[in-house]
There are 2 protein chains.
Amino acid sequence: MNANQAIPALGALAQEHRLATYRLLVQAGPDGLAAGTIATRLAIPASSLSFHLAQLAEAGLVSQRRAGRSVIYAADFAAMNALLGFLTENCCAGEDCTAAAPLCQAGAD
Amino acid sequence: MNANQAIPALGALAQEHRLATYRLLVQAGPDGLAAGTIATRLAIPASSLSFHLAQLAEAGLVSQRRAGRSVIYAADFAAMNALLGFLTENCCAGEDCTAAAPLCQAGAD
DNA sequence: CGTTCATTTCGATATTTATCGAAATGATTG
DNA sequence: CAATCATTTCGATAAATATCGAAATGAACG
């Protein structure tokens, strides 16, 4: 993970509908959800959702696969973990700051 | 942490100079860095940096304090951890998905 | 193999965001 | 208390992003 990958990923998540979509997919797990299901649950037009799903996919945060007539989207957990690791990289210059930031050391090394 | 807090935080990080600034501060640790030092290191105009620092602060990702003539900015590690936790909340509906996503379970519960 | 249906693309518009020099601010220091 | 200096605000401009209906796409099903 580098800044050129992290910026689109963060930007993809920094929007109401995309964040809601992503969290829905995180909670859905590897099975994912059909685009239409997401549109219905979030009550947003299909064309708007398609725009947002494309950005999440472009950022590498979600994968897509076809199932029957539907396109199923699923969160890419490896990408999420890479992003979280990137944000905490070299935390406190490698010093111990576990007390102040429990997850801080997770991304170090 | 909720979406209304997470969106500005993610948006704050989704920009080249702000992400670079934030990572600099994560690595600097609790001591933080003066605004001028950051501007010099990143080679961006003071007014531009001020604009970006204001957004990071508004999003709650950094704190500011005065030291002599300088204003010192420091990463807020608690805010970072809250954000990371929010992104992994209710991962896989609580099922075990540790193998696919090491950090996934960290934010559950 | 024509129909159906979920999804995506298009297009036009409105909104938000980034940039940076110049000027203002305001706390500090001698 | 005047001068200095780091930082922020202002203002004007450019660029990127969000919205959503209508039309197009194209895979699937009978």
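Keep in mind that the numbers below use all heavy atoms, side chains included, and drop hydrogens, waters and symmetry copies. Within every chain, numbering begins at 1; the chains are lettered A, B, ... in the order of the sequence lines, protein sequences first and strands thereafter.
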Next item on the list: Have a look at A34(A) and say if it touches a base, only the backbone sugar-phosphate, or nothing, with a 4.0 Å heavy-atom cut-off.
Entry: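 Result for A34(A) = sugar-phosphate.
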Next item on the list: Check every strand shown and say whether S48(B) touches a base, only sugar-phosphate, or nothing at a heavy-atom separation below 4.0 Å.
Entry: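 If one applies the 4.0 Å heavy-atom cut-off, S48(B) turns out to touch a base.
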Notebook entry, point to check: Considering heavy-atom distances to DNA chain D, does A54(B) or Q55(A) have its closest nucleotide positioned more toward the 5' end?
Noted result: A54(B)
When the distance from [atom1] of [X] to [atom2] of [N] is rounded to whole Å, what number comes out?
X	N	atom1	atom2	answer
H17(B)	dA16(D)	NE2	P	13 Å
F51(B)	dG11(D)	CZ	P	16 Å
L33(B)	dT7(D)	CG	C1'	15 Å
I44(A)	dT19(D)	CD1	P	8 Å
E58(B)	dA18(C)	CD	P	14 Å
L53(A)	dA6(C)	CG	P	16 Å
R65(A)	dA6(C)	CZ	P	18 Å
Q64(B)	dG26(C)	CD	P	15 Å

Does [X] have a side-chain nitrogen or oxygen under 4.0 Å from the phosphate oxygens OP1 or OP2 of [N]?
X	N	value
H52(A)	dT17(D)	no
Y73(A)	dT8(C)	yes
R66(A)	dG26(D)	no

Please round to the nearest 0.5 Å and tell me the distance separating atom [atom1] of [X] and atom [atom2] of [Y].
X	Y	atom1	atom2	result
Q15(B)	F51(B)	CD	CZ	8.0 Å
S70(A)	L33(A)	OG	CG	11.0 Å
L19(B)	N4(A)	CG	CG	10.0 Å

Check: Is the backbone N or O of G11(B) less than 3.5 Å from a side-chain atom of R18(B), with the two atoms forming a donor-acceptor pair by type?
Finding: yes
Would you indicate which nucleotide in [options] comes nearest to any side-chain atom of [X]?
X	options	result
S70(B)	dT8(D), dA18(D), dA6(D)	dA6(D)
Q15(A)	dT19(D), dT8(C), dA28(D)	dT19(D)
A35(B)	dT8(C), dT7(D), dT19(C)	dT7(D)
S50(B)	dT9(D), dT19(C), dT8(C)	dT9(D)
S47(B)	dA18(D), dG21(C), dA27(C)	dG21(C)

Next item on the list: Using the closest heavy atom to pick a nucleotide of DNA chain C for each, name whichever of R69(B) or G36(A) lands nearer the 5' end.
Entry: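 First, find each residue's nearest nucleotide; the 5'-ward one identifies G36(A).
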Note to self: Taking the six-membered ring of F86(B) as reference, does the cationic atom of R23(A) (NZ for Lys, CZ for Arg) lie under 6.0 Å from its centre and within 45° of its axis?
What the structure shows: yes
